[in-house]
Number of protein chains: 2
Amino acid sequence: MHSIDSSSVQDYVKTIYGFTEWQETPITASQLAVRLAVANSSVTGMVAKLVELGLARHEKYGPITLTPAGLALGLAMVRRHRLIETFLVDHLGYSWDEVHDEAELLEHSVSDTFIERLDRKLGHPVRDPHGDPIPTPNGLISRPDAVRLDSLDDGHRARVARISDDNPAVLKFLAGHAVGLDTPLLVSGRGPFGALLTVAVGDGPGSATLQLGGELVAALWVESLGTHEGCTVATV
Amino acid sequence: MHSIDSSSVQDYVKTIYGFTEWQETPITASQLAVRLAVANSSVTGMVAKLVELGLARHEKYGPITLTPAGLALGLAMVRRHRLIETFLVDHLGYSWDEVHDEAELLEHSVSDTFIERLDRKLGHPVRDPHGDPIPTPNGLISRPDAVRLDSLDDGHRARVARISDDNPAVLKFLAGHAVGLDTPLLVSGRGPFGALLTVAVGDGPGSATLQLGGELVAALWVESLGTHEGCTVATV
DNA sequence: GCGTATGTTTAGGTATGCCGAAATACTCCT
DNA sequence: AGGAGTATTTCGGCATACCTAAACATACGC
């Protein structure tokens, strides 16, 4: 019989879970194939296995959803991933853009004991280096009410609450411009079609402005701090 | 084509290397099968693969030896294993008898970058929690001149230099009796046929005596500190 | 409502790494 | 030297997880 310990099974479940963490619609077979970088036909086969294991629901030609057991496994894998990322950054000096791949490798091999001892050593962190919430051992997770940066009007102040980790180049760019978790931002202008966003980075006299568009905007979630009238911002 | 990244290949090479670390005779196919807990026929197949990869030498019905490339891989795996064990004990509060299995899982998945950063964080340790030497990144390893405890005469003082990690029960027993790395011992008597050894554990008035035999003696290597005449030892 | 594009599944095949059973080589003892 | 016993290899098979190509559904535009 198949087993929940297979790292493929874990990857499929984690990816299905991850898809619905920030949006509601369930994932389809081909989207799953893209995210896992496998052929569509491989997805069909593995998803059948997940159904057999009681981890997923799937009707022919329909979307794929997780059962409670699948959700629990997904949350456990996310917990592993995020705790490992936190460790790599806090204790081994990894930078943002490096952690994801290393965590991806490690999350399948460490034991539950390892994870719980790591959690204790890290002081039971509630979010990872990208701002993503870390589920508890029981699978409880808090949904931070972050919004997309481009949903804010000019003059709005905000604090970086989450940075998508699925594009290393974007992470590198942001790190290079001193944009990190909790960095204060001020939306100070909007380019053609509203697609380009000018933001002031940092507080006070040392702040700089940055043009953000496309992937960069999509990667940033912020916690709004309200509008801030009549501000002056130094230019880079 | 096959690859050096396969965790099976790594396990085979590490085991072949490990066999010759403390003795000279090369390993045979069936011994390898026992240590890896696989069937003899599996060994034949995998060893052929190692030969193809240029990692091992093997003539039909003969013993198995490593090529320089195989030796390098073996040392790299041992380095990984021992650095991970050191981390687990020093930073995550693992005990002696727990580390081995966890390290076994981790050593295949972490990257070289991870290992080198871990090494730096640990302060470039030269031996692991069992006293085994940790090879350098270039594959240099120091052979500590430890001797077996039962090669010492009565009245000999010694310091625990290495503890074999292949029997968790033995490790547990020793830890429970306050015998660890660098613990001073005094050989104070010898049982029937010389098979049972009485040793005094620790220095000064707080010392206790312990009867060691069989597996326990085999698991202990010590650095001799010369004879110590006319000592008195408290009994437990 | 029909055909075409897109999405999904089926069918057949590959690579890895393991197994047990049977055949074969080696070794040691007499 | 011959035969018993052990060690090793060969052979056919199994499980996992992937692939490509072809068949099949679904959905959308006209």
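Only heavy atoms go into these numbers, but all of them, side chains included; no hydrogens, no water, no symmetry mates. Residue numbering restarts at 1 for every chain, and letters A, B, ... go by the order of the sequence lines.
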Ignoring hydrogens, what is the shortest heavy-atom contact between B/Ile134 and B/Thr86? Give both atom names and the distance. CD1-OG1, 3.9 Å
Atom-to-atom span, CG of A/Asp11 to C1' of D/dT16 - whole angstrom: 14 Å
Earlier contact from the 5' end, DNA chain D, for A/Ser3 and B/Glu59: B/Glu59
Using a cut-off of 4.0 Å on non-hydrogen atoms, how would the nucleic acid contact of A/Ser8 be classed: base, sugar-phosphate, or nothing? sugar-phosphate
N/O (side chain, B/Lys60) to phosphate O (OP1/OP2, D/dT10) under 4.0 Å: yes
DNA chain C: first to last nucleotide in contact with chain A (atom under 4.0 angstrom from a heavy atom), 5' to 3', is C/dG7 to C/dT10
From NZ of A/Lys49 over to P of D/dA15, roughly how many Å is that when rounded to an integer? 10 Å
NA contact type, B/Ser30, heavy-atom cut-off 4.0 Å: base, sugar-phosphate, or nothing? sugar-phosphate
Nearest-Å distance for atom pair CG/C1', residues A/Asn40 and D/dC24: 14 Å
Assess whether a salt bridge exists between B/Glu116 and B/Arg79, defined as any Lys/Arg side-chain N lying under 4.0 Å from an Asp/Glu carboxylate O. yes
For B/Pro133, does its backbone N or O pair with a side-chain atom of B/Arg82 as donor and acceptor, under 3.5 Å? yes
Out of D/dT10, D/dC19, D/dC18, which nucleotide sits closest to the side chain of A/Ala39? D/dC19
So, A/Glu98 and B/Arg117, do they make that salt bridge, N to O below 4.0 Å? yes
Between A/Val38 and A/Tyr61, name the one whose nearest nucleotide on DNA chain D is closer to the 5' end. A/Val38
Between D/dT8 atom C1' and B/Gln31 atom CD, what is the distance in whole Å? 13 Å
Flag the pair A/Glu21 and A/Arg162 as a salt bridge only when some basic side-chain nitrogen lies within less than 4.0 angstrom of an acidic carboxylate oxygen. no
Side chain to side chain contact (heavy atoms under 4.5 Å, CB included) evaluation trace for A/Ser6 with A/Tyr12: CA-CA 10 Å; A/Ser6 143; A/Tyr12 276 78; over 6 Å; no
A/Ile4 CD1 to D/dT16 C1', in whole Å, measures 17 Å
Applying ring pair (Phe, Tyr, Trp, His ring centres under 6.0 Å), which residue pairs with at least one partner in residues 35-91 of chain B are found, sequence neighbours left out? A/Phe87-B/Phe87, B/His81-B/His100, B/Phe87-B/His91
Think A/Ser6 has a side-chain N or O under 4.0 angstrom from the OP1 or OP2 of D/dA17? yes
Just to confirm, is there a sub-4.0 Å distance from OP1 or OP2 of D/dA15 to any side-chain nitrogen or oxygen of A/His2? no
Looking only at D/dC19, D/dT8, D/dT9, the nucleotide nearest the B/Thr28 side chain is D/dT8
